6 protein chains.
Amino acid sequence: MSDLTHFNEDGNAHMVDVSDKAVTSRIATAEGWVKMTPETFDLITEGRAKKGDVIGVARLAGIMGAKKTPDLIPLCHPLPVTKVSVDLTQDPDLPGLRIKATVKTTGQTGVEMEALTAVSVTALTVYDMVKAVDKAMEIGGTRVILKDGGKSGRYEAE
Amino acid sequence: MSDLTHFNEDGNAHMVDVSDKAVTSRIATAEGWVKMTPETFDLITEGRAKKGDVIGVARLAGIMGAKKTPDLIPLCHPLPVTKVSVDLTQDPDLPGLRIKATVKTTGQTGVEMEALTAVSVTALTVYDMVKAVDKAMEIGGTRVILKDGGKSGRYEAE
Amino acid sequence: MSDLTHFNEDGNAHMVDVSDKAVTSRIATAEGWVKMTPETFDLITEGRAKKGDVIGVARLAGIMGAKKTPDLIPLCHPLPVTKVSVDLTQDPDLPGLRIKATVKTTGQTGVEMEALTAVSVTALTVYDMVKAVDKAMEIGGTRVILKDGGKSGRYEAE
Amino acid sequence: MSDLTHFNEDGNAHMVDVSDKAVTSRIATAEGWVKMTPETFDLITEGRAKKGDVIGVARLAGIMGAKKTPDLIPLCHPLPVTKVSVDLTQDPDLPGLRIKATVKTTGQTGVEMEALTAVSVTALTVYDMVKAVDKAMEIGGTRVILKDGGKSGRYEAE
Amino acid sequence: MSDLTHFNEDGNAHMVDVSDKAVTSRIATAEGWVKMTPETFDLITEGRAKKGDVIGVARLAGIMGAKKTPDLIPLCHPLPVTKVSVDLTQDPDLPGLRIKATVKTTGQTGVEMEALTAVSVTALTVYDMVKAVDKAMEIGGTRVILKDGGKSGRYEAE
Amino acid sequence: MSDLTHFNEDGNAHMVDVSDKAVTSRIATAEGWVKMTPETFDLITEGRAKKGDVIGVARLAGIMGAKKTPDLIPLCHPLPVTKVSVDLTQDPDLPGLRIKATVKTTGQTGVEMEALTAVSVTALTVYDMVKAVDKAMEIGGTRVILKDGGKSGRYEAE
């Protein structure tokens with residue numbers, strides 16, 4: 001039967017004991033998007049050179065956000081991440097920006113929360129930088145698409 | 001014509017000057033959801049009493065997350081928030097949890113980023129607490145539904 | 001009847017709305033102590049000049065700790081503190097150090113949590129600096145002795 | 001002869017060099033309590049279901065507080081904690097809540113400061129949540145009761 | 001006679017009481033530079049488009065650094081900054097980058113520490129991004145060039 | 001040819017992957033200074049006993065600052081530092097204070113940014129504590145003088 005490992009037998013929240021888990025190379029990738037009007041999309045994408053680098057700022061925020069994960073997620077273990085990359089691609093059909101973040105560590109637990117946090121902070125930063133012209137943007141599609149390196153094996157989203 | 005206020009005339013990012021804006025009562029509400037399998041939904045919702053309070057932990061994380069907003073969003077002004085509430089409701093049709101966060105301040109700039117951050121951190125925490133049983137959960141529908149109290153007037157999502 | 005204001009009518013935690021409270025001058029003082037063996041007490045107190053300034057380091061940690069209060073206490077409002085002082089006095093009868101912290105703000109809610117946090121972090125830092133010679137130290141007597149400036153009036157401990 | 005290791009030979013504070021200490025499994029447990037009036041005790045304990053989960057919020061704050069230890073204690077080494085649990089038990093004779101925190105790491109130095117910090121932040125959070133009805137609560141009995149796993153061997157409080 | 005206001009009459013550090021100071025508009029500007037070899041200078045400046053935007057990353061780090069000032073400087077008051085801008089200009093004669101940061105607040109104390117911190121973090125970030133090719137870079141010339149808005153009047157560096 | 005490793009082949013910033021680098025003992029030392037008027041220098045240095053310990057406060061700030069490095073420098077890896085020491089010496093010829101910081105870790109990447117950050121925060125704290133009497137102080141000479149322990153070998157400044 002399935003179990004919520006973040007609670008003990010009495011139903012109390014705890015930070016689960018990973019002391020005996022192996023120190024292994026771990027990787028996770030998450031994705032998400034920010035949807036906007038076509039006008040906003042044009043403004044951001046052409047504006048990269050002329051009016052300010054929304055994508056560059058958001059990418060950096062996402063990378064820094066990954067390092068904040070154990071501060072934000074109560075039961076998350078602090079981990080020395082060894083790599084964080086955040087890619088933003090322009091999707092005129094959305095229209096909007098697609099975000100993908102990959103995080104690696106050499107540690108005792110996985111980094112999918114770091115990857116998801118990187119995506120979320122990147123998306124929030126896009127919203128912040130563009131909200132003066134478009135308050136109706138929506139953030140969605142945030143999910144883990146790859147996780148590998150721990151005892152539970154490789155996970156890939158369908 | 002619309003303008004990205006977070007960049008100056010040279011296209012360089014800056015924290016926009018709000019020194020001359022009025023100190024007014026401001027409010028913002030944001031929403032989002034976490035979608036999961038029906039089995040996971042049942043586990044969380046019945047489990048609230050028996051197996052651990054996912055919703056209570058996530059709500060608290062969201063409230064604390066709102067206070068972290070200026071740490072996470074590079075060009076966001078630090079603000080003394082005067083109220084944060086986060087509500088999670090069970091939606092068996094999603095199936096999953098719907099999140100709504102409301103933030104207030106008495107200050108010189110709005111709190112929609114704080115509300116969006118609260119929603120995002122709440123959603124990420126739900127994911128974290130349940131990921132041992134369901135890695136395929138998706139976070140979405142994150143958007144501002146109400147903003148009021150500043151010079152730009154009242155905004156309500158359609 | 002008494003009420004736990006940090007929960008709403010449904011029993012859910014929230015950061016209580018202080019938007020309509022007056023901005024007034026507020027002050028709070030808290031106290032506490034660290035009890036140790038007579039040998040440890042002698043080592044610290046004579047050691048201030050010769051072996052290292054335990055008291056100076058602990059005082060500074062307490063002052064900085066006061067600024068961390070909204071990061072540590074989930075439902076605490078962020079406040080621009082306008083004064084923090086921490087005094088440590090030697091009590092050979094305890095034996096140990098007595099700590100008193102005073103915090104002021106001009107804001108919409110009180111600063112007793114900031115004062116208590118300053119005392120606690122000061123005490124923890126004393127423990128940290130001395131633990132190599134005395135693991136059995138005890139921290140206690142932590143309480144608010146003065147709170148003034150808000151609607152609920154002046155409180156003084158008996 | 002005893003030595004305050006947090007100071008060098010000149011009496012200057014430093015973060016002591018642990019580079020050559022073995023990476024071992026380490027554990028520490030600390031305890032403390034919050035004393036209150038019988039009326040407050042009844043309110044909290046019966047209120048857990050009806051009026052809001054003081055204990056659940058305080059436990060979570062304590063777990064998150066453990067992760068903040070190197071931010072709060074100036075000369076404390078940052079450590080990747082591998083487990084944090086915080087238990088609160090009701091003691092009608094105190095009357096009040098007894099707190100016990102256990103922290104583990106696989107690292108080069110001990111985690112007693114993390115355990116003490118978890119206890120302190122838990123206690124402060126109880127105070128915060130209940131202070132509207134009882135300002136005279138006292139926090140005390142904070143001490144290390146178990147430390148094991150390093151070169152200095154096992155320590156148990158008497 | 002001159003006085004170190006960050007110490008009380010007993011010579012103990014404290015966060016000075018600003019409760020009775022007026023809430024006024026305050027501004028401060030600080031400057032500094034990073035000196036490098038001519039080859040490194042060429043790499044950075046031509047590389048802005050082709051190889052990566054060192055200047056953009058460093059600017060953003062400086063802006064975020066300004067918000068961290070009360071976390072870094074022990075006796076600094078937390079302040080709601082209302083504007084932060086950081087400019088980097090290329091100086092082929094140095095050769096290197098010149099940094100200027102301006103910070104504003106509406107508050108009870110000045111923001112020269114925020115401006116200096118922004119400059120310092122910007123400079124450190126330039127170092128970090130370029131250190132793989134030039135470890136001998138030097139950071140210097142860090143000073144306040146303008147401070148205005150408080151009781152002590154306008155200060156301009158000669 | 002030299003390369004800015006903090007950018008990928010597309011010129012986008014990323015936190016470089018150190019997963020495959022060896023875990024080795026690493027050390028770095030950085031230095032810097034704060035220059036002031038002779039009167040300020042006398043005030044600080046004689047004042048250490050009588051008027052307040054500027055040097056002690058600044059040293060502690062620098063040590064804590066080293067731990068904040070990954071929060072401040074966007075692409076810096078979080079690292080469990082195993083030693084931090086900060087020395088301040090009085091130089092009547094400057095006149096001012098000379099600062100030297102040494103940091104060690106057992107990890108996958110170097111600690112020169114931590115050493116530089118410790119020096120910078122120490123210097124900024126000196127400025128903060130003395131600014132009431134001397135706004136014209138200058139911070140400079142900040143550079144790495146030793147780095148050892150990684151694949152790139154030993155670096156010593158000329």
Side-chain angles (χ1 to χ4, degrees), chain E residues 2-8 11-13 32 39-40 43-44 47 49-54 56-58 60-61 64-65 68-69 71-76 110 112-113 116-117 120-121 123-125 127-144 147 152 155 157-158, chain F residues 2-8 11-13 32 39-40 43-44 47 49-54 56-58 60-61 64-65 68-69 71-76 110 112-113 116-117 120-121 123-125 127-144 147 152 155 157-158:
Chain E
S2 291
D3 234 7
L4 298 179
T5 52
H6 280 7
F7 297 101
N8 67 11
N12 293 333
E39 292 72 30
T40 306
L43 182 71
I44 289 183
K50 284 192 300 189
K51 298 196 190 143
D53 184 4
V54 170
V57 172
L60 206 65
M64 297 181 83
K68 297 274 184 195
T69 307
D71 269 1
L72 294 171
I73 311 299
L75 303 175
C76 215
E112 64 269 50
M113 292 318 302
L116 285 168
T117 301
S120 297
V121 174
L124 290 169
T125 301
Y127 189 96
D128 180 51
M129 303 201 74
V130 184
K131 68 182 194 288
V133 300
D134 185 357
K135 283 179 183 52
M137 283 175 291
E138 184 182 333
I139 300 168
T142 309
R143 59 180 197 139
V144 174
K147 171 171 156 44
S152 62
Y155 166 82
E158 293 161 25
Chain F
S2 292
D3 235 9
L4 298 179
T5 53
H6 281 7
F7 298 101
N8 65 11
N12 293 333
E39 293 71 30
T40 306
L43 182 71
I44 288 183
K50 283 193 300 190
K51 296 192 193 146
D53 183 6
V54 169
V57 173
L60 206 65
M64 297 181 83
K68 296 274 184 196
T69 307
D71 270 1
L72 295 171
I73 311 298
L75 303 175
C76 214
E112 64 269 48
M113 292 318 301
L116 284 168
T117 301
S120 297
V121 175
L124 290 168
T125 301
Y127 188 96
D128 179 52
M129 303 200 73
V130 184
K131 68 182 194 288
V133 301
D134 185 357
K135 283 180 183 49
M137 284 176 291
E138 184 183 333
I139 299 169
T142 308
R143 58 180 199 139
V144 174
K147 171 171 153 45
S152 62
Y155 166 81
E158 292 162 26

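Letters go in sequence order (proteins before strands), and every chain restarts at 1. Since the structure is predicted, the reported quantities are computational estimates derived from the model, not experimental observations. Worth knowing before you read on, the calculation uses all heavy atoms, side chains too, and leaves out hydrogens, waters and symmetry mates.
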Original post:
Do F:Y127 and E:V144 have side-chain heavy atoms sitting under 4.5 Å apart?
Top reply: yes

**OP:** Sort E:S120 into side chain, backbone, both or neither according to what part of it lies under 4.5 angstrom from a heavy atom of chain F.
**Re:** side chain

Original post:
With a 4.5 angstrom heavy-atom cut-off, which part of E:E158 approaches chain F: side chain, backbone, both or neither?
Top reply: neither

**OP:** Could you check which of E:T117, E:V121, E:L72 has the highest count of heavy-atom pairs closer than 4.5 Å to chain F?
**Re:** E:L72

Original post:
From F:L4 CG over to E:M129 CE, what is the distance, rounded to the nearest 0.5 angstrom?
Top reply: 7.5 Å

**OP:** Mind checking side-chain contact (heavy atoms from CB on, under 4.5 Å) for E:A13 and listing every partner two or more places apart, or none if nothing turns up?
**Re:** C:L60, E:F7, E:L75, F:V57

Original post:
Relative to chain E, which segment of F:E112 carries a heavy atom at a distance below 4.5 Å: side chain, backbone, both, or neither?
Top reply: side chain

Original post:
What option among F:A123, F:P74, F:G140 has the most heavy-atom pairs under 4.5 Å with chain E?
Top reply: F:P74

**OP:** Determine the minimum heavy-atom distance between E:M113 and E:C76, stating which atoms define it.
**Re:** CB-SG, 3.9 Å

Subject >> Winner by heavy-atom pair count (cut-off under 4.5 Å) against chain F, out of E:G141, E:S152, E:A157 >> reply: E:G141

Original post:
Is it the backbone or the side chain of E:M64 that comes under 4.5 Å from a heavy atom of chain F, or both, or neither?
Top reply: neither

Original post:
If every non-hydrogen atom of F:R143 is compared with every non-hydrogen atom of F:L116, which pair is closest and at what distance?
Top reply: C-CD2, 3.7 Å

**OP:** Please list all pairs passing the salt bridge (charged side-chain N to carboxylate O under 4.0 Å, His left out) test where one or both residues lie in residues 127-138 of chain F, with sequence neighbours left out.
**Re:** F:D128-F:K131

